[in-house]
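Notes for the one structure printed next.
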Amino acid sequence: MAVFRWLVCSLLLLGPAMAHAQYSVAVIETEGGTFIGTPTIGQPFIATQKTTSIQKLADGTSITHISTTKEARDSQGRMMNETKLPPNGAASGNGWSSTFVVDPAERTTTSWFSQQKQATRYHQPDVEQAAARRARAIAAAKAANHASATDSGPHPTTKHEQLGGRNIAGIYAEGTRITTTYPVGSIGNDKPIVVVSENWISPDLKLTVLQTNDDPRSGSRTVETTQLDRSEPDPALFQAPEGYTIKDIRPTSSPE
């Protein structure tokens, strides 16, 4: 999935807490904004995911952090992700939570945090405006990639492997492994650096059920689905809690 991909929510306005959220709503992320595409209809579910991050220091010390995520999709294609993070400095446990909801029909994304009583609802631009911004951003990205490719010095190499299928959390998923090798001198390194990522997606639910990343610079990270229920979720999951105020942010027109 090049430009279109399952949404990995990394919006700066939502903060790093949402960086691993996986959504089965087609989304285009560009420098001009994030645009909601075609939702997955008629495939509801409720899932629980566990994220484990392990960082190993030079002296052999390991730092481990564990967070849990509740994820849901209704039959209309709305997606909800609630991530519970441990208290500051703790390896695990529930300190606070952040929630993110995508509503393709209304073309809105809504976020809120448990320690605040306000939700922010972002309205996506209309289709024509989104397409114009998308085209400009893609052209800029291609130009940047071309400029980068002409730089002197060694460049990273990437290898893609199809891993076949397996059952994860009771459903069939197909895996892909991506191995990126940074040769000596590419980023100031005196030895090759090898980064290995795996992504297992259910072709039926169009949902990432297992994701791993092993990077010697930052450590290992695993996002695994531990529970999966394919029944219709409670509609209340897609609404801000009672008593929360909602702040609407609408797109501003920009010159073409």
Side-chain angles (χ1 to χ4, degrees), residues 3-49 51 67-85 94-134 136-137 205-208 223 232-256:
V3 178
F4 286 94
R5 59 194 174 92
W6 307 122
L7 172 60
V8 178
C9 175
S10 56
L11 299 177
L12 295 178
L13 46 85
L14 294 178
M18 299 301 297
H20 71 273
Q22 303 293 314
Y23 295 95
S24 42
V25 173
V27 163
I28 302 168
E29 291 186 53
T30 73
E31 303 225 347
T34 302
F35 308 105
I36 298 173
T38 305
T40 299
I41 302 298
Q43 293 285 357
F45 71 86
I46 306 169
T48 300
Q49 292 184 331
T51 299
S67 62
T68 59
T69 298
K70 181 177 183 179
E71 188 167 309
R73 179 175 66 214
D74 66 10
S75 294
Q76 285 69 51
R78 290 186 299 178
M79 291 293 303
M80 185 281 299
N81 179 291
E82 178 189 47
T83 300
K84 294 183 178 180
L85 299 172
N94 294 330
W96 59 280
S97 65
S98 60
T99 305
F100 184 77
V101 172
V102 176
D103 189 333
E106 296 295 328
R107 298 190 62 80
T108 61
T109 58
T110 306
S111 65
W112 62 86
F113 299 90
S114 60
Q115 69 269 54
Q116 301 173 351
K117 292 293 184 181
Q118 177 176 291
T120 304
R121 182 166 54 204
Y122 302 90
H123 296 259
Q124 304 300 317
D126 61 45
V127 176
E128 291 185 2
Q129 184 180 3
R133 290 186 181 180
R134 199 160 56 232
R136 292 197 300 271
L205 283 177
K206 296 181 174 59
L207 174 73
T208 299
V223 182
E232 189 74 28
D234 185 346
L237 291 176
F238 304 93
Q239 304 294 330
E242 186 177 352
Y244 276 54
T245 59
I246 298 179
K247 178 182 179 181
D248 284 287
I249 296 181
R250 301 180 183 277
T252 56
S253 58
S254 59
E256 299 301 326

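A distance of 8.0 Å separates CD in Glu71 from CE in Met80, rounded to the nearest 0.5 Å. Here OG1 of Thr108 is found 12.5 Å from CD1 of Ile249. Values are rounded to the nearest 0.5 Å. In this structure, the separation between CG on Asp103 and NE2 on His123 is 10.5 Å, given to the nearest 0.5 Å. The CZ atom of Phe100 sits 8.0 Å away from atom OG1 of Thr110, with the distance rounded to the nearest 0.5 Å. From Arg250, atom CZ reaches atom CZ of Arg121 across 7.5 Å, with rounding to the nearest 0.5 Å.
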Exercise. Apply side chain to side chain contact (heavy atoms under 4.5 Å, CB included) to the pair Arg73 and Gln43, showing each step before the final yes or no.
Key: CA-CA 7 Å; Arg73 179 175 66 214; Gln43 293 285 357; 3.2 Å; yes

Quiz prompt | Criterion side chain to side chain contact (heavy atoms under 4.5 Å, CB included) on Gln118 and Ile246, from CA distance to verdict | solution = CA-CA 6 Å; Gln118 177 176 291; Ile246 298 179; over 6 Å; no

Quiz prompt | Worked check of side chain to side chain contact (heavy atoms under 4.5 Å, CB included) between Ile46 and Lys70 | solution = CA-CA 7 Å; Ile46 306 169; Lys70 181 177 183 179; 4.0 Å; yes

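Shortest non-hydrogen contact noted between Thr69 and Asn81 is CG2-ND2, 3.2 Å. Considering all non-hydrogen atoms of both residues, Pro233 and Leu237 come closest at CB-CD1, 3.9 Å. The shortest heavy-atom contact between Ser75 and Ile41 is O-CG2, 3.3 Å. Lys206 and Thr40 get closest at one heavy-atom pair: CD-OG1, 3.8 Å. In terms of heavy-atom proximity, Ser67 sits nearest to Lys84 at CB-O, 3.3 Å.
Side-chain contact of Ser98 with Glu82: a donor-acceptor pair under 3.5 Å is absent, judged by distance alone.
Classification of the Tyr244-Trp112 ring pair by plane angle, with boundaries at 30° and 60°, yields perpendicular.
The environment of CD in Glu106 is sparse: at most 12 heavy-atom neighbours from other residues, nucleotides or ligands sit within 6.0 Å.
Because its NZ or CZ atom is both nearer than 6.0 Å to the ring centre of Phe238 and within 45° of the ring axis, Arg78 counts as a cation-pi partner of that residue.
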